Each structure stands twice: as C-alpha cells, then as structure tokens.
S.K.: 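Below: one structure in structure tokens.
Remember, predicted model here, so these are calculated numbers, not experimental data. Chain A is the first sequence line, chain B the second, and so forth, proteins listed ahead of strands; every chain is numbered from 1.
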There are 2 protein chains.
Amino acid sequence: MANVEMTRKEREKLMHKDAILNASVRLFSDKGFHNVSMQDIAEESEFAVGTLYNFFQSKEQLFTELMNNCADKIYNTLWPILESNLRQDEKLRTFVRAYAKFAEDNIEFIRLYISEYGTLTLILPHDGHAEKIKAVIDAKISDIIKSGIKNNIFRPVDTEIITLALLSTIRSFIFESSKEFNKAKVEQGLKKIEQLFVDTLLIPENRSNG
Amino acid sequence: MANVEMTRKEREKLMHKDAILNASVRLFSDKGFHNVSMQDIAEESEFAVGTLYNFFQSKEQLFTELMNNCADKIYNTLWPILESNLRQDEKLRTFVRAYAKFAEDNIEFIRLYISEYGTLTLILPHDGHAEKIKAVIDAKISDIIKSGIKNNIFRPVDTEIITLALLSTIRSFIFESSKEFNKAKVEQGLKKIEQLFVDTLLIPENRSNG
DNA sequence: TCATATTATGAATTATCGTTCATATAAAGT
DNA sequence: ACTTTATATGAACGATAATTCATAATATGA
C-alpha cells in the first residue's frame with residue numbers, strides 16, 4: 001500500500017511474497033489445495049522450497065493468507081457499492097456488474113474463492129475471515145432487498161430465499177464461466193441474471209426496461 | 001437389484017460392500033476425500049484395511065463408485081418426474097419437492113454430491129459418470145422450461161439462465177441446510193423456492209396460487 | 001473329519017509431502 | 001577487503017497414508 005516509505009529491499013521482499021502468492025493462486029485454483037505441493041509452488045514461483053518458509057509459516061498459513069487476500073479484495077470492490085446512495089434496484093444492478101468486472105480481472109482468485117467458499121468450507125485450512133466477509137455481504141444484500149420492499153420499489157418477496165438465489169446464481173455462473181473465460185459471454189450472462197432478478201423484484205410501476 | 005438369484009454368500013458379500021460404502025459416505029461427506037484415510041474407513045466399517053482392497057481396487061475407485069451410486073440414485077428418483085406427463089409447471093414443482101424428499105432421506109449422500117459436483121469437479125477422482133447425469137438433468141430442466149414457453153404457460157424468459165438459477169439455488173439451499181438438517185425448515189424453504197421460480201415463470205392467467 | 005477354496009487380517013512396504021537446517025550466496029556497512 | 005547481516009537453497013528428515021501380501025480364520029463339500 002504505502003510503498004513510498006519502504007527501502008528497495010523491503011519492496012523487493014514484498015514483490016517476492018506477492019510472486020509466491022500469485023503462483024499459488026494459479027495452482028490452487030486449478031488443482032485444489034491437496035493436489036498442490038510446496039514443491040509445485042516452489043517451481044511455479046521460481047524459488048526454493050525453503051524460501052517459501054521464509055515468507056509463510058506453513059502451507060496452511062500460505063493458503064489462509066491467500067484466501068483472506070482474496071476475500072478482502074472482493075469486499076473492497078463490492079462493499080462501497082452496497083453502502084452507496086443508489087436506489088435499491090440500481091444498487092443490485094451495480095453489484096452484479098461489479099461482480100462481472102471483478103471476475104474478469106481476477107479470474108483465478110475468484111474461481112478459488114467460489115470453489116472453496118461456494119460450498120465447501122469444513123475441509124480446508126481457514127481462520128474464518130473469508131467466511132465472515134461472505135456472511136457480511138450476504139446480509140447486506142438481504143438488507144437492501146428488505147429496504148427496497150419497504151420503499152415499495154420491490155414486490156414483497158421472501159428475502160432470505162431471493163438473496164440465496166441471487167448470490168448462488170451469480171457464483172455458479174461465474175464458476176461455470178471460469179472454465180473457459182470469455183469476457184463477452186460473462187457480461188451477457190450477468191446482464192441476464194441482473195434482468196431476471198431485479199426485474200422480477202421490481203413492482204411493475206417502477207420498471208423502465210423490458 | 002435382483003438378489004433373489006443370489007446365494008447367501010453372494011448376498012453377504014454385497015452387504016459387506018454396502019457397509020463399506022455407507023461408512024465411506026459418512027466420513028467423506030463430513031471430512032472430504034483427502035481428510036479420510038483407508039484406516040478411517042476400515043475402523044468405521046469394522047473391517048481391516050486389507051479387506052477394503054478385496055472390494056475396491058483403490059481409494060479412488062471406492063470414491064468413484066460411491067459418487068456414481070449417488071448420482072444414479074438421484075437420477076432414478078428425479079428422471080421419472082421429468083419424463084412424466086405433468087404440465088410443465090407441475091413438473092417443476094414436483095421436481096423441487098422430490099429433491100426435498102430425497103435430501104431428507106439421503107442427507108449424507110446428497111451433501112457429498114453437491115459439495116463435490118456443485119462447484120468442484122477437477123480435483124477429485126472421477127470418471128465423468130456423475131457429471132454426465134448432472135448434465136442430463138440440467139438439460140432436461142432446460143427443455144421443460146422451453147416447452148412451457150412454447151405452450152404459453154411460461155413467460156418467454158432466458159432458458160439457460162433460469163435453469164442455472166433454479167438448480168444452483170436448490171443445491172445451495174440444500175447444502176446450507178445439510179449443516180444442521182431440519183425437515184420442516186427444508187420443506188418450507190424448498191416450497192419458497194418453488195414459489196419463487198415457478199410463479200415467476202408462469203404467465204399471470206395460469207396462476208392459481210399466490 | 002479333512003482338504004480346498006474363500007475371505008479377512010494388519011504388519012510391512014513404499015511413496016509422497018510438509019518441514020527443517022546446515023550451507024551458500026549476495027548485499028550492506030565499515 | 002572484510003565483517004556482518006539478510007536472504008536463498010535443496011538435500012535430508014519424519015510423518016502420514018495408500019497399497020501389498022504372507023498368514024489366519026472361516027466356510028464348503030466330499
């Protein structure tokens with residue numbers, strides 16, 4: 001972040017750590033935690049195995065840090081939108097679009113995040129940070145829908161279920177798309193998800209596009 | 001299946017194999033493939049490690065067979081509904097309800113199935129059978145929606161997206177529920193999913209309940 | 001009852017992988 | 001140039017876990 005204050009050495013050290021994390025995300029996102037060895041990460045990042053342990057206490061630590069970075073990145077991208085002053089329907093639309101943009105720029109990251117936290121959770125090393133962030137975002141979406149209903153913008157649907165539906169659909173769609181990423185297709189698909197959910201939610205008098 | 005034709009020995013052998021598979025599903029569904037050892041399975045099933053290898057070539061074989069059984073069970077439950085003569089909207093409603101019932105009776109099975117095939121796929125040993133079944137069901141749901149649109153029962157929505165949305169919502173909901181299963185809650189939730197999707201799809205003149 | 005065939009056993013083997021650490025390399029300071 | 005400090009290296013270690021196999025137990029049928 002504030003890398004003006006740093007010496008060249010410190011900056012290089014950060015770069016190295018970053019290189020290791022980048023190599024890791026590539027490998028983990030397509031093989032999964034248990035099918036990637038520290039050897040593999042060492043080769044991919046062009047460091048020696050021992051060097052990895054200068055940066056991370058253990059393989060689990062490395063993985064946890066990776067997931068937490070990922071969760072934070074997602075949080076920093078999406079939270080401002082959810083906290084903005086947009087009307088509830090526009091908030092949801094913007095949220096979906098931002099998800100698409102984020103996915104485009106961070107496909108391995110998001111693939112890993114969705115595959116690990118989409119369903120699984122119990123199995124891999126984690127300290128709960130990423131799950132907390134997921135829960136916070138889920139709750140916020142739920143709030144937005146509730147408040148949209150209160151303001152007579154949305155129809156009075158079951159909030160829990162539509163939140164689950166919206167988020168699981170976005171996540172599944174992006175996960176499917178990530179197998180062979182195609183920018184145009186993803187944008188088109190997410191626009192359709194936006195239409196499906198937001199237009200379904202809107203009470204007719206608020207609809208402007210069809 | 002046709003265990004009338006079998007000797008007692010053959011029947012017992014099948015029972016043993018079944019006991020091993022049942023022990024495995026319990027363990028895999030709450031620890032995941034890589035966190036369950038053949039030792040663990042041996043203890044849980046009350047056989048020796050070596051005995052497991054009289055029934056299965058390898059741990060991967062065992063897992064693959066388990067997943068394939070699971071997929072077949074789901075297929076046999078759901079396919080008849082999708083092929084029935086019900087009107088398209090009733091087909092979807094029945095499908096959702098059958099999913100709930102199936103989940104109730106086979107919670108470990110379905111938890112394993114969804115967690116492995118909900119998102120992940122690449123990471124675990126598999127021969128593609130379970131994926132094929134998933135694809136076949138997905139395609140069939142898509143067809144039903146298309147045909148509902150053709151018959152003016154459903155609104156002309158984007159078929160791909162609504163299929164993805166419906167199935168990913170069902171799967172996420174059941175997976176979430178499986179963490180602490182509660183029959184009433186699951187039935188209630190799936191009824192809401194049914195309402196959300198099927199009622200959204202129906203063109204107003206076909207609606208009977210609200 | 002005894003010989004044969006079937007099935008079960010679990011200690012031993014083998015392989016993999018996370019982790020450590022003595023050593024090498026390179027940078028910084030004097 | 002020489003000392004000190006920081007960083008990188010990868011062979012060696014130890015633990016875990018899949019798999020094998022010689023042996024034991026059990027069932028079958030003559």
S.K.: Under a 4.0 Å N-O cut-off, is there an ion pair linking Glu108(B) with Arg26(B)?
M.R.: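 Looking at Arg26(B) together with Glu108(B), the answer is no, because their closest N to O distance does not fall below 4.0 Å.
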
S.K.: Which class fits the ring pair Phe95(A) and Tyr99(A): parallel under 30°, tilted 30 to 60°, perpendicular over 60°?
M.R.: perpendicular

S.K.: CD of Glu160(A): more than 12 outside heavy atoms within 6.0 angstrom?
M.R.: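 No, the 6.0 Å shell around CD holds no more than 12 heavy atoms from other groups.
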
S.K.: Would you kindly say whether Ser37(A) and Asp40(A) are connected by a side-chain donor-acceptor distance under 3.5 Å?
M.R.: yes

S.K.: Send over the distance from Asn54(A) CG to dA6(D) C1', rounded to a whole Å.
M.R.: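 In whole Å, dA6(D) C1' lies 10 Å from Asn54(A) CG.
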
S.K.: In whole angstrom, what separates Glu10(B)'s CD from dT6(C)'s P?
M.R.: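 Distance check: Glu10(B) CD to dT6(C) P gives 12 Å.
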
S.K.: Atom CG of Leu52(A) to atom P of dG10(D): distance rounded to whole Å?
M.R.: 12 Å

S.K.: For the salt bridge (Lys or Arg N to Asp or Glu O under 4.0 Å) test, which of Glu12(B), Glu65(B), Glu10(B) pairs with Lys17(B)?
M.R.: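 Testing each of Glu12(B), Glu65(B), Glu10(B) against Lys17(B), the sole residue satisfying salt bridge (Lys or Arg N to Asp or Glu O under 4.0 Å) is Glu65(B).
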
S.K.: Check for a donor-acceptor pair, side chain of Lys59(B) on one end and backbone N or O of Phe33(B) on the other, with a separation under 3.5 Å.
M.R.: yes

S.K.: What's the CD-P distance between Glu12(B) and dA5(C), to the nearest Å?
M.R.: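 Value for this atom pair: 21 Å.
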
S.K.: Just checking Phe55(B): base, sugar-phosphate only, or nothing, at a heavy-atom cut-off of under 4.0 Å?
M.R.: sugar-phosphate

S.K.: Considering heavy-atom distances to DNA chain D, does Val36(B) or Lys13(A) have its closest nucleotide positioned more toward the 5' end?
M.R.: Lys13(A)

S.K.: Respond yes when some side-chain nitrogen or oxygen of His34(B) is under 4.0 Å from OP1 or OP2 of dA17(D), and no when none is.
M.R.: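 Answer no for this pair, as no side-chain N or O of His34(B) is under 4.0 Å from OP1 or OP2.
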
S.K.: In whole angstrom, what separates His16(B)'s NE2 from dA27(D)'s P?
M.R.: 11 Å

S.K.: Once you round it to whole Å, what is the distance between P of dA8(D) and CE of Met15(A)?
M.R.: 13 Å

S.K.: In the 5'-to-3' direction, what one-character label does each nucleotide of nucleotides 19-30 of chain C receive under the scheme B = base within less than 4.0 Å of a protein heavy atom, S = sugar-phosphate only, - = no such atom?
M.R.: BB-------S--

S.K.: Expressed as a whole number of angstroms, how long is the span from Leu62(A):CG to dG18(C):C1'?
M.R.: 12 Å

S.K.: Is atom CD of Glu83(B) surrounded by more than 12 heavy atoms (other residues, nucleotides or ligands) closer than 6.0 Å?
M.R.: yes

S.K.: Taking the minimum atom-to-atom distance to the side chain of Ser37(B), which one of dA17(D), dT9(D), dG18(C) wins?
M.R.: dA17(D)

